[in-house]
Amino acid sequence: TPPGATDCSPFTVSIHVVNPFAGINVTYPDALPSGLHLPVGTNHLTYTFTDSYSNINTCSFDIVVIDNTPPTIDCSGDITICSAAPTGITLTPPAVTDNCGVTTPEAFRSDGLDLTDPYPIGLTTITWGETDIHGNFAICTQNVTVNPQPQTPVIGANGPTTFCQGGSVTLSSSASAGNQWYKDGIAIGGATNQTYVVTDIGTHNYLVQVTTGDCVSNPSNFITVTVN
């Protein structure tokens, strides 16, 4: 509520607002503008009343605006990958907003390593922190899971790989489970055992890949089988 004044003659009013922290030093005639938002910090207001005979009186007071609203911070989604060894991962920083101003978010890994260091097999949690320009703080977390990629299998044959129609050769994988056999780059339906018996006429390339959970190995070596 602005201060009031009385006088035996008409008078004018000016309001001087100073806030060194925000760099504000301005004088308004008559009244503060409608919808004016004073900045954070101590706003020193001086009302000056001047009557028609140049008599002057003033009234001063402070309005202290405190920013106690924390910023918002929104982590990007969790990351799950497959790798045979610790691996580097590029993370997307979280989105941050604030009513007054933001700073660059900081990240802290649960294993204490730098954000750019390789991530080990297993779970690593990233805690992102955001401090706004007035010291209010908010955090969010992001999980990085590196699942072990199956070892690349090796396949072999139990006999000659060139023979006449009516014969066969058995291919074997070094992996005891999770196999998927391929012929000429196309998965063979139902061919998921450790061994695969080849009888198809023609010349074809066979290999295997191993799946564990959501992780798939690199392709094995291939064996060319010719059935005449």
Side-chain angles (χ1 to χ4, degrees), residues 73-96 104-129 139-228:
I73 181 169
D74 184 18
C75 280
S76 55
D78 294 339
I79 296 174
T80 300
I81 66 168
C82 300
S83 179
T87 183
I89 298 174
T90 300
L91 300 180
T92 300
V96 295
T104 301
E106 295 184 328
F108 305 91
R109 279 175 52 161
S110 57
D111 58 7
L113 299 178
D114 290 338
L115 205 62
T116 54
D117 285 340
Y119 287 78
I121 303 297
L123 172 66
T124 303
T125 298
I126 314 297
T127 300
W128 293 89
I139 64 172
C140 66
T141 57
Q142 180 181 24
N143 291 323
V144 175
T145 302
V146 180
N147 290 321
Q149 184 181 31
Q151 185 176 1
T152 302
V154 176
I155 63 173
N158 72 340
T161 56
T162 299
F163 50 88
C164 294
Q165 183 179 357
S168 68
V169 66
T170 299
L171 306 181
S172 298
S173 168
S174 59
S176 60
N179 293 284
Q180 173 61 63
W181 290 91
Y182 290 79
K183 182 179 77 173
D184 298 332
I186 299 173
I188 304 170
T192 57
N193 293 326
Q194 188 173 8
T195 59
Y196 181 71
V197 178
V198 179
T199 59
D200 290 355
I201 297 173
T203 298
H204 303 286
N205 293 321
Y206 295 87
L207 59 80
V208 76
Q209 282 186 287
V210 176
T211 299
T212 302
D214 294 326
C215 296
V216 181
S217 72
N218 292 321
S220 70
N221 59 303
F222 70 88
I223 293 179
T224 301
V225 178
T226 300
V227 180
N228 296 313

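From a predicted model like this one, the values you see are computed outputs, not experimental measurements.
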Exercise for review: Quick one: do Asp200 and Tyr206 satisfy side-chain contact (heavy atoms from CB on, under 4.5 Å)? Show the steps, please.
Suggested key: CA-CA 11 Å; Asp200 290 355; Tyr206 295 87; 3.9 Å; yes
Point to revise | Verdict with reasoning, Phe108 to Ile139, per side-chain contact (heavy atoms from CB on, under 4.5 Å) | key: CA-CA 11 Å; Phe108 305 91; Ile139 64 172; over 6 Å; no
Practice item. Any chance you could lay out the side-chain contact (heavy atoms from CB on, under 4.5 Å) test for Asp114 and Arg109, step after step, and finish with the verdict? Key: CA-CA 7 Å; Asp114 290 338; Arg109 279 175 52 161; over 6 Å; no
Check your understanding: After noting the C-alpha distance and the side-chain angles of Trp181 and Ser173, does the key distance pass the side-chain contact (heavy atoms from CB on, under 4.5 Å) rule?
Key -> CA-CA 9 Å; Trp181 290 91; Ser173 168; 4.0 Å; yes
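In terms of modelled atom types and a separation under 3.5 Å, the side chain of Gln180 and the main chain of Ile188 share a donor-acceptor contact. Panel note: side chain Ser76, backbone Thr92; a donor-acceptor pair is recorded below 3.5 Å. Side-chain atoms of Asp111 come within 3.5 Å of backbone N or O of Leu113 as a donor-acceptor pair. With hydrogens and angles ignored, the 3.5 Å screen pairs no side-chain donor or acceptor of Glu106 with any backbone N or O of Trp128. Panel note: side chain Asn158, backbone Thr170; a donor-acceptor pair is recorded below 3.5 Å. No side-chain donor-acceptor contact under 3.5 Å links Asn143 to the backbone of Asp78.
Between Ser172 and Thr195 the shortest side-chain heavy-atom distance falls below 4.5 Å.
The shortest heavy-atom contact between Ile155 and Asn221 is N-OD1, 2.9 Å. Ile73 and Cys140 get closest at one heavy-atom pair: CG1-SG, 3.6 Å. Of all non-hydrogen atoms in Thr199 and Gly167, the two that sit nearest each other are CG2-O, 3.9 Å. Contact record, Pro153 with Ser174: CA-OG, 3.4 Å, taken as the closest heavy-atom pair. What you find for Pro150 and Ser217 is that their closest heavy atoms are O-CB, 3.5 Å.
With sequence neighbours left out, the side chain to side chain contact (heavy atoms under 4.5 Å, CB included) criterion links Phe222 to Asn205, Leu207, Thr224. Judged as a side chain to side chain contact (heavy atoms under 4.5 Å, CB included), and not counting sequence neighbours, the contacts of Thr145 are Thr80, Leu123, Asn147. Listed by chain and residue number, Gln149 satisfy the side chain to side chain contact (heavy atoms under 4.5 Å, CB included) test with Ala84 (two or more places apart in sequence, or in another chain).
Using a 3.5 Å distance cut-off with no hydrogens or angles, the side chains of Asn179 and Thr192 do not pair a donor with an acceptor.
To the nearest 0.5 angstrom, Leu91 atom CG is 5.0 Å from Leu115 atom CG. Of the inter-residue distances, the one linking Ile223 atom CD1 with Leu171 atom CG reads 5.0 Å to the nearest 0.5 angstrom. Here SG of Cys82 is found 9.0 Å from CD1 of Ile121. Values are rounded to the nearest 0.5 Å. Here Gln142 contributes atom CD and Thr124 contributes atom OG1; the two are 11.0 Å apart, rounded to the nearest 0.5 Å.
Sparse packing is recorded around CG of Asp214, with 12 or fewer heavy atoms of other residues, nucleotides or ligands lying under 6.0 Å away.
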